[in-house]
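Ligands are counted one by one from 1 in listed order, and the atoms in each one are counted from 1 as well.
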Amino acid sequence: MVKLLTMKKYFIKTFGCQANKADSERIARLYQKRGYQLAKSIREADVVIINTCSVRESAENRVYGLIRNLTRRLSAQTGYTLNAERPKVVLAGCMLRYGVTTLKKKLPQVDEFLRVEDYSFDLPPIRTEKTHAWVPIMEGCNNFCTYCVVPYARGREKSRSFDEIICEVKKLAKQGYQEITLLGQNVNSYGKDLKPRKKFSDLLREIHKIRGIEKISFITSNPWDLTEDIVQSIKLSKIDKHLHLPVQSGDDKILKEMNRKYTAKKYLSLINQIRKEIPEIKMSTDIIVGFPGETKEAFENTVKLCKKVGFDKAYIAKYSPRPGTAAYRFKDDVSPQEKKRRWRVLEELINNDNTI
Ligand code: 5AD
Ligand code: SF4
């Protein structure tokens, strides 16, 4: 008990996507192994691990703000009632793409940088949920959409072994987990890099057989990798009848500039085909407004596509130029006000948000 009282405490602040949430569950294990226990709040923590997102500038700015806040309190010596000293600040996640040397210069307050090897898949996650579990099945992306940092931040596609995933899900079922979400930037291309090659649809079928697991979801799918066999496997009873299929734009010129490998027409015909097979399927998407060169007409093409599809939900983002990506060299020529207007139009259209 005495030991427990003197144990140091960690707190993880996670930014960004579900992949980061899953990573944080392994970072938690790392800190438990290092002899820390979970702090109830950030104020109680001896060490604050910030799991960063680099997809948009605003996400990075929130990280800078948090670091400033945590370390400013050091000089003011306020805010930390349990710790007289400021917490140790540890940085992990996608911002590490800038390299430790650059980050150290920009953020001298950071005490340690965690690299993905420090929280690899060998570490069993400490899960925050009791009946639903995130299960990463692959890392990285090979697609190089021109706006996106993911291939730089998370590297090329790397699938986890088929048996390792099955083993993990069986264990989860034994522990009482009923719902799982398979995670990857591009889950449809799961297994292409494995020897022998495996298919995502085979993984779905195998997981479907596991007793105790009642609901299986997966994110994210890519329009050009969503093959007929995957559509067929979604028909299995335990597979969630929801497909998240990012379209990004409904304009062919913009799609080309984004290095998306389909046209609006092709996307629409894919949706029609899926709906023919699975009429009850719910559809969600990601859209970027204000990509370089997006004229009002180009944006209207996106509006038209959205009206045709009738998405159940959309995650709409204003284009944010990201250093290191191909689109960073394009002129960011849509004004912030116009980006906001386009964002509102789609929010109201798809997410029925009348409060904005
Ligand atoms: N600017 C705005 N949104 C972006 N996304 C990715 N990169 C950017 C960027 N530079 C969005 C895409 C992607 C989602 C995860 O984030 O819509 O699907
Ligand atoms: Fe980024 Fe495109 Fe890969 Fe998605 S498919 S992670 S948007 S590069």
Could you check whether the rings of Tyr315 and His244 sit parallel, tilted or perpendicular, using 30° and 60° as the cut-offs? perpendicular
Tell me if the centroids of the rings in Phe330 and Tyr147 come within less than 6.0 Å of each other. no
Using a strict 4.0 Å threshold on nitrogen-to-oxygen distance, state whether Arg322 and Glu60 make a salt bridge. yes
Ligand-side contact atoms (ligand 2) for residue partner Tyr147, heavy atom cut-off under 4.0 Å: 7 (S)
cation_pi(Lys13, Phe15) dist<6.0 Å, angle<=45: yes
In the protein, which heavy atom is nearest to atom 1 (N) of ligand 1, and how far is it? Ser320 N, 3.0 Å
Taking the six-membered ring for Trp, are Tyr152 and Phe144 ring centroids under 6.0 Å apart? yes
When the ring planes of Phe162 and Tyr190 are compared, do they come out parallel, tilted or perpendicular, using 30° and 60° as the limits? tilted
Nearest candidate to atom 15 (C) of ligand 1, where distance is taken over non-hydrogen atoms, out of Asp286, Thr220, Thr146: Asp286
Distance to 0.1 Å, residue and atom name: give those for the protein heavy atom nearest to atom 2 (C) of ligand 1. Lys318 O, 3.4 Å
Checking contacts here: is it the side chain or the backbone of Val55 that comes within 4.0 Å of ligand 1, counting heavy atoms only? Could be both or neither. both
Is a salt bridge present between Arg26 and Asp23, judged by a nitrogen-to-oxygen distance below 4.0 Å? yes
Identity and distance of the protein heavy atom lying nearest atom 3 (N) of ligand 1: Arg56 NH1, 3.2 Å
Suppose I only count heavy atoms of Gln248 and a 4.0 Å limit; which atoms of ligand 1 are within that range? 12 (C), 13 (C), 17 (O), 18 (O)
Can any side-chain N or O of Lys215 pair as donor or acceptor with the backbone N or O of Ile239 at less than 3.5 Å? no
Are any of the N/O atoms on Tyr147, whether in the backbone or the side chain, positioned under 3.5 angstrom from an N/O atom of ligand 1? yes
Counting only heavy atoms not in Lys261, do more than 12 fall under 6.0 Å of its NZ? yes
Taking atom NZ as the centre, does Lys170 end up with more than 12 heavy-atom neighbours from other residues, nucleotides or ligands that are less than 6.0 angstrom away? no
Taken by chain and residue number, the protein N/O/S atoms under 2.8 Å from atom 2 (Fe) of ligand 2 read Cys145 SG
